[in-house]
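Heads up, the thing below is written out as structure tokens.
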Amino acid sequence: MLDLKFIRENIKKVNKGLKNKGEKISLDELLQLDGERRKILVEVENLKYRRNKASEEIGKLKREGKEIKESIGEMQKVSERIRELDDKLKELQEKTKSLLLMIPNLPHESVPVGKTPKNNKVIREGKPQKKKFNFEPREHWEVGESLGILDFPLASRISGTRFALLKGKGARLERALINFMLDLHIKGGYKEILPPFMVTGESMMGTGQLPKFSIELYKCKDDDLYLIPTGEVPLTNLHKNQIQKEKDLPLNYVAYTPCFRREAGSYGKDTKGLIRNHQFNKVELVKFTKPEDSYGELETLVSDAEKVLELLEIPYQVVALCTGDLGFGAAKTYDLEVWMPGENRWREVSSCSNFTDFQARRINIKYKKEGTGTLEYVHTLNGSGIAIGRTFAAILENNQTEKGTVVIPKILQPYMNGLEIIDRD
RNA sequence: GGAAGGGUGGCCGAGCGGUUGAUGGCGCUGGUCUUGAAAACCAGUUUCCGAGUAAUUGGAACGUGAGUUCGAAUCUCACCCCUUCCGCCA
């Protein structure tokens, strides 16, 4: 959520940011409602002032045992008028708020301007080199299915399309990845959280999934509960309605969670394998920082996520998203993409974003400045550290051998009971 | 799901129709005292939305929402959450 006052005073800047983000929403209605709201606010507050004074007077007279009569009749009329104006005010406030909730965050000035992913910029490539294969590398689902560690037909018999089922060493590998990443980030100074995987609508509102993107969410029929589409939601809501101490910032959290996404509108896209499923595992990183530190912390966040790929020895690149490709709440985003030799393309495994005060304003997370004692919104950041399913797929594709086996990355072997190679059972 | 009790400021805890944004305590901040610290004492210590260049000033908030009233933290209703007990259950 943007600051209404900021919008009022920086219309040009806001419009430019919205345009760069490819957002066609108009501010006219919002500003008009806001003007009307403030006009009525002044009027009703004056009336309330009158009423408060009169009530005070009546109280005094009553205590002295004197008669009151005529002033009460007059106050009845005033109160009625106040009620009318309050109703009107409430209506205006709700409209204003709901418009405000539909406005995305503005891009940071360092974000490349552009409309489509084609305008994204590759910032750097990771250390691990792309491997040369002396055979035609296969796609991960072929590798996995022939090893008997992935079973998509079975998954779809149980749950329909876009689900995966891991078996034996596959299930073990998935679990190894989760533990390895958690351990790595805990060592890096993140506090581990195991949050609920279902959250209220209010929490979804806080991080920005609602009201605009309800189509992407699984909602429980009889309760106001949603399955989380990312660990970002429970983690960012951790400090809802709280005031932090300046010296406690930044706060760093890591959590493993499954993620649930309807993937509406992606019919026919990536229908095979582990790339775009309704349920996948992810290790998520979230930071709460001081505003002046947030862009520096974003760089740290990205390199913390990169470390995972470096240690797993998977080739990757860091991409800065252009304005048009940024998510709703993000001011700046870096994606990490891994090389998939079987598919012969890059695939996103992590998205690290600075949300500035956009989410903090929605869920009301502030911090107290030490010198002045004033309150300010914190900045929130999050990034995958990293997506497990796609990493699993990348390992199968990058580490496959001509015989069809898969070499387990060294760093994971202790998590696999020393196993070095996955072959057919 | 049923029953009972409860939700008040950073925390504890009063208040149960009329200067109560809210006694008191703890904590925190500043000061006095002290070589320094502690103790003691004094003072300060919620947030949001407006008006105004500003000093300043108005309004709102006691789980949430509605209602009664000239006036509600205090009364009524609905909902949410917490605690305990019962039922069910991994």
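The chains referred to below are lettered A, B, ... by the order of the sequence lines, with proteins before strands, and numbering in each begins at 1. Note: hydrogens, waters and symmetry copies are ignored here, and every other heavy atom, side chains too, is used.
Rounded to whole angstrom, the span from the CE atom of A:Met1 across to the C1' atom of B:C48 amounts to 12 Å. As a whole-Å value, the separation of A:Lys62 NZ from B:U69 P is 14 Å. One can place CG of A:Asn46 at 11 Å from P of B:G58, the figure rounded to the nearest angstrom. In this entry the distance linking NZ of A:Lys247 with P of B:G10 reads 17 Å, nearest Å. Between the P atom of B:G10 and the CG atom of A:Asn241 lies a distance of 11 Å, rounded to the nearest Å. Atom CD of A:Gln93 and atom P of B:C48 are 16 Å apart (whole Å). The interatomic distance linking A:Ile40 (CD1) with B:A60 (C1') rounds to 17 Å, in whole Å. Between the CE atom of A:Met75 and the P atom of B:A72 there is a distance of 14 Å, rounded to whole Å.
For RNA chain B, if you chain together Watson-Crick or G-U pairs that step i with j, i+1 with j-1 and so on, the runs of at least three with distances under 3.5 Å are B:1-7 with B:80-86, B:10-12 with B:24-26, B:27-32 with B:40-45, B:46-51 with B:56-61, B:63-67 with B:75-79.
More than 12 non-hydrogen atoms from other residues, nucleotides or ligands lie less than 6.0 angstrom from NZ of A:Lys212. Few gaps surround NZ on A:Lys240; more than 12 heavy atoms of other groups in view lie less than 6.0 Å from it.
Residue whose closest nucleotide on RNA chain B sits further toward the 5' end, between A:Lys60 and A:Ala54: A:Lys60. A residue-by-residue look at A:Asp87 and A:Val42 shows that A:Val42 has its nearest nucleotide of RNA chain B further toward the 5' end.
Between B:C48 and A:Lys5, no contact under 4.0 Å exists linking OP1 or OP2 to a side-chain N or O. OP1 or OP2 of B:G71 sits under 4.0 Å from a side-chain N or O of A:Ser79. Neither OP1 nor OP2 of B:C49 sits under 4.0 Å from any side-chain N or O of A:Arg38. The side chain of A:Lys90 places no N or O atom within less than 4.0 Å of a non-bridging phosphate oxygen (OP1 or OP2) of B:G65. Of the side-chain N and O atoms in A:Arg37, one or more sit less than 4.0 angstrom from OP1 or OP2 of B:G50. Between B:A60 and A:Asn52, a contact under 4.0 Å exists linking OP1 or OP2 to a side-chain N or O.
Residue-to-nucleotide contacts include no donor-acceptor pair under 3.5 Å from the side chain of A:Lys48 to the base of B:G59.
Comparing B:C88 with B:A3, their C1' atoms are spaced 16 Å from each other, to the whole Å. B:G24 sits 35 Å from B:A78 when the C1' atoms are compared, rounded to a whole Å. Distance noted for atom P between B:C12 and B:U83: 14 Å (whole Å). Nucleotides B:G59 and B:A22 are separated by 14 Å at their P atoms, to the nearest Å. B:C11 and B:U64 have their C1' atoms separated by 23 Å, given to the nearest Å. For B:C75 and B:G15, the P atoms lie 12 Å apart once the distance is rounded to whole Å. Distance noted for atom C1' between B:U23 and B:G50: 31 Å (whole Å). Comparing B:U74 with B:U68, their P atoms are spaced 15 Å from each other, to the whole Å.
Within 4.0 Å of A:Ile243, counting heavy atoms only, lies no atom of the nucleic acid at all. A:Gln76 comes within 4.0 angstrom of sugar-phosphate atoms only, judged by non-hydrogen atoms across all strands, and of no base. Looking at heavy-atom distances under 4.0 Å, A:Arg8 makes contact with sugar-phosphate atoms alone, never a base. Using a 4.0 Å heavy-atom cutoff across all strands shown, A:Lys366 reaches sugar-phosphate atoms only and no base atom.
Side-chain contact check for A:Glu337 versus A:Arg347: every heavy-atom pair is 4.5 Å or farther apart. Contact annotation: the side chain of A:Thr271 approaches that of A:Arg162 to within less than 4.5 Å [non-hydrogen atoms, C-beta and beyond]. Side chains of A:Met204 and A:Phe213 form no contact here, defined as non-hydrogen atoms less than 4.5 Å apart. Using a 4.5 Å heavy-atom cutoff, the side chains of A:Arg172 and A:Tyr415 are not in contact. With a 4.5 Å cut-off on side-chain heavy atoms, A:Val199 and A:Asn237 do not count as touching.
Taking every side-chain heavy atom of A:Tyr49 into account, B:G58 is the closest of B:G58, B:A51, B:C70. Side-chain proximity of A:Glu45 to the nucleotides B:C70, B:A60, B:C49 is greatest for B:C49.
The aromatic rings of A:Phe288 and A:Tyr253 lie perpendicular to each other, with more than 60° between the two planes, well past the 30° mark.
Side-chain contact of A:Lys332 with A:Ser110: a donor-acceptor pair under 3.5 Å is present, judged by distance alone.
Under a cutoff of 6.0 Å and an axis angle of 45°, A:Lys219 and A:Tyr226 form a cation-pi pair.
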